[in-house]
J.: 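Have a look at the structure that comes next, please.
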Amino acid sequence: MLQAVDTTGNRPRNLILIGFMGTGKTTIGMRVARSLGFRFVDTDRLVVKMAGKSIPTIFSESGEEAFRALETEALRSCVGSSRLVISTGGGIVTREENRALLKQAGYVIWLRASPEAIYERIRRSRNRPLLQTPDPLQSIRDLLAVREALYESCADLAIRSDDLTVDETCFGVTESAQLALGEGSFEG
Ligand code: S3P
């Protein structure tokens, strides 16, 4: 993965966080948005607002494809904006259309974690329909096997959070974003 900082004036306008469920995109995104002075948006929350239903209800009543269509609509609504931190659902990279939109939207950071760390973080959650299976750890492994290459293809930078505290991850994300977005990293 090539990392380059563009100093030619064509800087990206938003910061986008991608990564599997349970990698901290929302928690980290909210804090980084505060540090950068950007607005925080979360595609899952936009979908819930658009549908007027929870994610498990959308999945059970209308199916995953209906959820994905709403997710694309939510992402598309952010692309023309600037100074946003956009936290995305873990499956957003599964649609080619979304992968193109992510790249268009701004600087993309992939938050990575091992299947075991992800499992520890999500095992009490009832809000992730794709992991309501008899063996969630295996489901995580199976989904990651398909998705890792997709995350990689969209990401400008990857940060592995297994051994980092939330503070450390926020620091890494904020510093990288300031550099890439040209957001006054030397102003203190
Ligand atoms: C999904 C991840 C979830 C949510 C939906 C589907 C996925 O978001 O969009 O349950 O396919 O990985 P988080 O990554 O915020 O949990």
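Being a predicted model, the structure only gives us computed values, none of them experimental. Order of listing sets the numbers, starting from 1, for every ligand and every atom in it. Nothing fancy with the numbering, it's 1 onward along the sequence.
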J.: List ligand 1 atoms under 4.0 Å from Gly89, heavy atoms only on the residue side.
T.: 8 (O), 9 (O), 14 (O)
J.: Taking 4.0 angstrom as the limit and counting only heavy atoms of Gly91, give me the atoms of ligand 1 inside it, by number and element.
T.: 1 (C), 7 (C), 11 (O), 12 (O)
J.: Do Thr23 and Arg112 have side-chain N/O donor and acceptor atoms under 3.5 Å apart?
T.: no
J.: Quiz question: by atom type and distance under 3.5 Å, do the side chains of Ser161 and Thr169 form a donor-acceptor pair?
T.: no
J.: Does Glu65 pair with Arg95 as a salt bridge, N-O distance under 4.0 Å?
T.: yes
J.: Starting from atom 16 (O) of ligand 1, which protein heavy atom do you reach first, and at what distance in Å?
T.: Arg128 NE, 2.8 Å
J.: With rounding to the nearest 0.5 Å, note down the distance linking CZ in Arg68 to CG in Leu75.
T.: 12.0 Å
J.: How far is atom 15 (O) of ligand 1 from its nearest protein heavy atom, and which residue and atom is that?
T.: Asp44 OD2, 2.9 Å
J.: Are the charged groups of Asp167 and Arg31 less than 4.0 angstrom apart, N to O?
T.: yes
J.: Return yes or no for this condition: an N or O of Asn127 is under 3.5 Å from an N or O of ligand 1.
T.: no
J.: Within the structure, does Thr88 bring an N/O atom to less than 3.5 angstrom of an N/O atom in ligand 1?
T.: no
J.: How many angstroms lie between CG in Asp44 and CZ in Arg128, if you round to the nearest 0.5 Å?
T.: 8.0 Å
J.: Check each heavy atom of Arg68 against ligand 1 and say whether those closer than 4.0 Å belong to the side chain, the backbone, both or neither.
T.: side chain
J.: Output the list of atoms in ligand 1 that are nearer than 4.0 Å to some heavy atom of Pro129, sorted by atom number.
T.: 10 (O)
J.: What protein heavy atom sits nearest atom 12 (O) of ligand 1, and how far off is it?
T.: Arg147 NH1, 2.7 Å
J.: Looking only at heavy atoms of Glu64, does any of them come nearer than 4.0 Å to an atom of ligand 1?
T.: no
J.: Applying the side chain to side chain contact (heavy atoms under 4.5 Å, CB included) criterion to Ile118, which one of Leu143, Leu137, Leu144 satisfies it?
T.: Leu144
J.: Taking only heavy atoms of Lys25 into account, list the atoms of ligand 1 that are under 4.0 Å away from them.
T.: 13 (P), 14 (O), 15 (O)
J.: Heavy-atom count around Arg39 CZ within 6.0 Å, excluding the residue itself: above 12?
T.: no
J.: Is a donor from one side chain sitting under 3.5 angstrom from an acceptor on the other, for Thr57 and Ser54?
T.: yes
J.: I'd like to check whether Ile55 has a polar contact with ligand 1, where a contact means an N/O of the residue lying under 3.5 Å from an N/O of the ligand.
T.: no
J.: For ligand 1, which atoms have a heavy atom of Leu130 less than 4.0 angstrom away?
T.: 7 (C), 11 (O)
